[in-house]
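I have placed the structure first, in the form of structure tokens, so that the comments after it can refer back to it.
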Amino acid sequence: MKSVFFNAIAIAVFLLAFSCSSDDNTTSDGDASTDDEVTTDETSGVAITAVVQEFFKEDNGVSVTVDEENGTIIITSSTGLPDHKSPYFDVYGMDHELYEDFPVYSVTDGILENFYIDQIADRIFSYDEEGNYIITYHANNNDEIAAVQYTMQIPIYPTEATTKVDTELSAIGMVLNGVPFFNNLNRDSDPLGGADVSTLDTAGGHPGANLDYHYHVGANFGLYTDENPEIAYGTIIDEDNLVGFMRDGFPLYGQQDQDGTYPDDLDDYGGHIGVTEHFPDGIYHYHASTEDYLDAGWYVLKSGQYYGTPGTFSSN
Ligand SMILES: [Zn+2]
Ligand SMILES: [Zn+2]
């Protein structure tokens, strides 16, 4: 096993010479238009205004404006920066007040097999006292995060789209703390692999090409960190919490429903209609995935197609 492992390292070093930035595309302007006639049908949708206004975090620079005339809600995130710890706040200096080290992942035999298939190029391997492999996470080529102002425009009454469209290689929604989240694709339109995943911080985020911090997956407390987070990560998903809103206006919840069960009736878009804490009369809502991504302990927030019609998400 070990000789295979060290051969793997040799291959990895070779691959490293050819590896480029392992991150995805920068956040780009949305391409979907918001058509008044589509988004303001009060009879077929549930208004999300009150929940959006109450739960997006004003104290992290998020503001909400309602445009009744056009049937849209405009959510502006003034910095797009997380309100929790991340190594990307100061990768080199390590002295930002919200700095914490990269997570370290302990890998049992079965897990390494799947994680490794993707050819982890430049991980640092070691062993723990029980002989498990340990992968040390590290910065991607974008190194640090910078403030980016975002504006997401979503319908007051989100409704199912007659023609479903794919989520993009850019922000597909916003977490309540004002940080954008992406799907599970990297900039080559390939599913995130081990090389991408091991650049995530404990919250499941990293910077893109424009130093724009974004999440791909839920926070992973199974990872070793030097210290426990003093500020809750925005992407905790192993419960029924409201994580954020997708660009089509539908809310994204953690893996569980309000009654503490894991739903078994999710559709092709990862959601279903049902009651939630915030929508007691029921609403269509997405749930974070329960599939262990790459067997690495990460859970994708949302992949595949939108259920509704996506509004715009722009940076300025
Ligand atoms: Zn990314
Ligand atoms: Zn549900």
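Keep in mind that the numbers below use all heavy atoms, side chains included, and drop hydrogens, waters and symmetry copies. Note that ligands are numbered from 1 as they come in the structure, with each ligand's atoms numbered from 1 the same way.
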Applying side chain to side chain donor-acceptor pair (under 3.5 Å), run through Tyr286 and Asp248 and close with a yes or a no.
CA-CA 11 Å; Tyr286 298 99; Asp248 60 7; 2.4 Å; yes
Geometry at the Zn ion (ligand 2) - His287 NE2 versus His272 NE2 angle, rounded to 10 degrees:
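Reported to 10°, the angle equals 110°.
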Can you check whether His285 and Tyr253 have ring centres sitting under 6.0 Å from each other?
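Distance test on ring centres: under 6.0 Å, yes.
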Centroid separation His216 to Phe181 less than 6.0 Å:
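Not under 6.0 Å, so no.
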Any N/O/S atom, side chain or main chain, of Asp240 closer to the Zn ion (ligand 2) than 2.8 Å?
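No.
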Which atom, counting only N, O or S, brings His206 closest to the Zn ion (ligand 1)?
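Output for this pair reads NE2.
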Can you sort out the partners of Tyr262 under ring-ring contact (aromatic ring centres under 6.0 Å, His included), two or more places apart, ordered by chain and number?
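With sequence neighbours excluded, Tyr262 shows a ring-ring contact (aromatic ring centres under 6.0 Å, His included) to no residue whatsoever.
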Shortest-distance N/O/S atom, Asp257 versus the Zn ion (ligand 2):
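That would be atom OD1.
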